[in-house]
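Below: one structure, written as structure tokens.
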Amino acid sequence: MAVGKEIRGKIKSVENTKKITKAMEMVAASKMRKAQERMRAARPYADKIRNITAHLSEANPEYRSPYMRDVQKTGGATKAVGFIVVSTDKGLCGGLNTNVLRAVTNKMKEVQAAGGSISAVAIGNKGFGFLNRVGANVVSHAIQLGDAPQLDKLIGPVKVMLDAFVAGQLDTVYLCFTNFINTMKQEPTVEQLLPLDGTRLQQTAAEKKQYSWDYIYEPDAPTVIDDLMTRYIEALVYQAVAENMASEQSARMVAMKAATDNAGTLIGELKLIYNKTRQAAITKELSEIVGGAAAISG
């Protein structure tokens with residue numbers, strides 16, 4: 001029964017794997033709820049600071065922040081492009097990282113086909129490893145973020161990209177992350193972060209009709225508006241990381257549930273094979289006994 005022993009070993013191995021994936025599924029479900037609460041709690045702040053930024057940009061048209069410069073009016077075609085790539089630190093979350101990195105790769109190919117240069121900031125270990133493998137110019141990175149996004153770990157890498165944009169070294173900056181839709185659906189997103197355009201700061205028609213905004217700046221308009229723009233961009237990056245973490249835990253829970261179900265199916269198939277093999281061995285032994293008894297009696 002060497003074959004039967006081997007099958008029993010495989011069944012035991014798959015059962016142990018099933019226990020691990022079930023435990024990981026339960027852990028991911030617990031972390032998912034916390035990550036979704038964090039993500040939803042951050043959304044109102046991002047929306048509010050967007051409205052304030054929009055009002056300030058409308059209220060002081062004589063000063064325009066360098067974060068809002070128009071590339072098409074100042075330099076023609078985009079030549080230098082930056083990417084802030086948000087990914088996970090760990091794997092076992094299905095195709096989450098694969099999908100967003102595929103979207104990043106497609107966008108990078110478009111830039112390179114147009115003759116543009118690329119620099120990147122990696123947030124998350126998986127994206128950092130991918131960018132290094134493809135030979136991208138990684139100017140800064142942030143990894144090992146833990147289960148909750150921490151702004152102090154994100155400000156440094158993001159500031160490198162912001163300073164390069166203000167200095168004119170970059171024409172456009174894209175933010176790449178996975179947008180959380182629901183537990184079963186996460187959408188890879190590549191959106192323009194800089195320069196800030198009307199789609200990001202656009203007010204509704206009702207707001208424009210009902211209110212007229214004016215501000216007194218202290219110490220001056222450039223200081224206030226530039227600082228607010230910086231906070232706004234940091235809020236966008238923070239929100240992207242929060243969305244990505246919620247997506248990660250949801251994708252991991254679904255992936256581990258699928259792995260647990262597949263392990264159960266495999267165990268059933270192995271047990272069926274084991275029983276058939278055992279039955280065949282018993283039938284063979286009975287046949288040999290019957291044959292031997294017939295030979296003796298004959």
Worksheet entry | Under 3.5 Å: donor-acceptor pair, side chain of S13, backbone of G9 | no
Practice prompt. Show your reasoning for whether side-chain contact (heavy atoms from CB on, under 4.5 Å) applies to Q112 and I118.
Written response: CA-CA 8 Å; Q112 291 173 338; I118 293 172; 3.6 Å; yes
Worksheet item: Rounded to the nearest 0.5 Å, what separation is found between the CD atom of E110 and the OG1 atom of T105?
Response: 11.5 Å
Discussion item. As a quick check of understanding, evaluate side-chain contact (heavy atoms from CB on, under 4.5 Å) for V121 and V138, giving each step before the final call.
Written reply: CA-CA 6 Å; V121 170; V138 181; over 6 Å; no
Worksheet item: Any sub-3.5 Å donor-acceptor pair from Q186's side-chain atoms to N182's backbone N or O?
Response: yes
Discussion item. Under a 3.5 Å cutoff, is there a donor and acceptor pairing between the side chains of N244 and S247?
Written reply: no
Worksheet item: Partners of T189 by side-chain hydrogen bond (donor to acceptor under 3.5 Å, both in side chains), sequence neighbours excluded?
Response: none
Worksheet item: With a 4.5 Å limit on heavy-atom distance, are the side chains of E218 and V224 in contact?
Response: no
Practice prompt. Could you name each residue pair satisfying ring pair (Phe, Tyr, Trp, His ring centres under 6.0 Å) that touches residues 135-161, not counting sequence neighbours?
Written response: F128-H141
Practice prompt. Supply the atom-to-atom distance N106 CG to K109 NZ, rounded to the nearest 0.5 angstrom.
Written response: 6.0 Å
Fill in: Salt bridge present between E243 and R38 (N-O < 4.0 angstrom)
no
Discussion item. Quick one, T223 with D220, criterion side chain to side chain donor-acceptor pair (under 3.5 Å). Give me CA distance, side-chain angles, the key distance, then yes/no.
Written reply: CA-CA 6 Å; T223 301; D220 52 53; 2.7 Å; yes
Worksheet, complete the sentence: For F177 and L175 the tightest heavy-atom approach is CD2-CG, 3.9 Å
Fill in: P66 and D226, any side-chain heavy atoms less than 4.5 Å apart
yes
Discussion item. Test of understanding: with side-chain hydrogen bond (donor to acceptor under 3.5 Å, both in side chains), list the residues that count as partners of K257, not counting sequence neighbours.
Written reply: D261
Item to complete: Report the residues that fulfil side-chain contact (heavy atoms from CB on, under 4.5 Å) with A259, sequence neighbours left out, ordered by chain and then residue number.
Response: T21
Worksheet item: Under a 4.5 Å cut-off applied to non-hydrogen side-chain atoms, are E248 and R252 in contact?
Response: yes
Worksheet item: Under 4.0 Å between a Lys/Arg side-chain N and an Asp/Glu carboxylate O for E37 and K34?
Response: no
Fill in: Nearest-0.5 Å distance that lies between atom CD1 in I225 and atom OH in Y232
14.5 Å
Worksheet, complete the sentence: Under a side-chain separation threshold of 4.5 Å, the hydrophobic residues clustered together with M26 are none
Distance-only criterion, 3.5 Å: show the donor-acceptor pairs between side-chain atoms of residues 157-166 and protein atoms not counting sequence neighbours.
residue, atom, partner, partner atom, Å
K159, NZ, D163, OD1, 3.4
K159, NZ, D163, OD2, 2.9

Discussion item. Counting C-beta onward and ignoring hydrogens, is there a side-chain heavy-atom pair between Y174 and V81 closer than 4.5 Å?
Written reply: yes
Worksheet entry | Expected output: side-chain D171 to main-chain A80 donor-acceptor under 3.5 Å | yes
Worksheet item: Could you give all pairs that pass the salt bridge (Lys or Arg N to Asp or Glu O under 4.0 Å) test and reach residues 148-158, with sequence neighbours left out?
Response: none
Item to complete: Step by step, work out the side-chain contact (heavy atoms from CB on, under 4.5 Å) result for R278 and R8.
Response: CA-CA 11 Å; R278 184 168 175 269; R8 285 199 305 270; over 6 Å; no
Practice prompt. Would you sort out whether N99 and R102 count as a side chain to side chain donor-acceptor pair (under 3.5 Å), showing the intermediate values?
Written response: CA-CA 5 Å; N99 293 334; R102 182 183 294 116; 3.3 Å; yes
Worksheet item: For R40, which residues count as a salt bridge (Lys or Arg N to Asp or Glu O under 4.0 Å) partner, sequence neighbours excluded?
Response: none
Worksheet item: What distance separates L272 CG from K276 NZ, expressed to the nearest 0.5 Å?
Response: 4.5 Å
Worksheet, complete the sentence: Residue set satisfying side-chain hydrogen bond (donor to acceptor under 3.5 Å, both in side chains) with R231, at least two apart, ordered chain then number -> E234
Worksheet item: Counting distance only, does the side-chain N/O of D89 pair as donor-acceptor with the main-chain N or O of I143 below 3.5 Å?
Response: no
Discussion item. Do F180 and I84 sit in one hydrophobic cluster, given that two such residues count as connected whenever their side-chain heavy atoms are within less than 4.5 Å of each other, even indirectly?
Written reply: no
Discussion item. As an exercise, state the distance from CG of L170 to OG of S119, rounded to the nearest 0.5 Å.
Written reply: 4.5 Å
Worksheet item: Do V85 and L131 come close enough that some side-chain heavy atom pair is under 4.5 Å?
Response: yes
Worksheet item: What residues form a salt bridge (Lys or Arg N to Asp or Glu O under 4.0 Å) with D147, not counting sequence neighbours?
Response: K31
Worksheet item: What residues join I282 in its hydrophobic cluster, counting side-chain heavy atom gaps under 4.5 Å, either direct or through other members?
Response: L286
Response to the item:
dist T178:OG1 -> K185:NZ (nearest 0.5 Å) comes out at 13.0 Å
Fill in: Residues that, via side-chain heavy atoms closer than 4.5 angstrom, fall in one hydrophobic cluster with M24
I20, L92, M256
Practice prompt. Answer with yes or no whether the side chains of T88 and N97 bring together a donor and an acceptor at under 3.5 Å.
Written response: yes
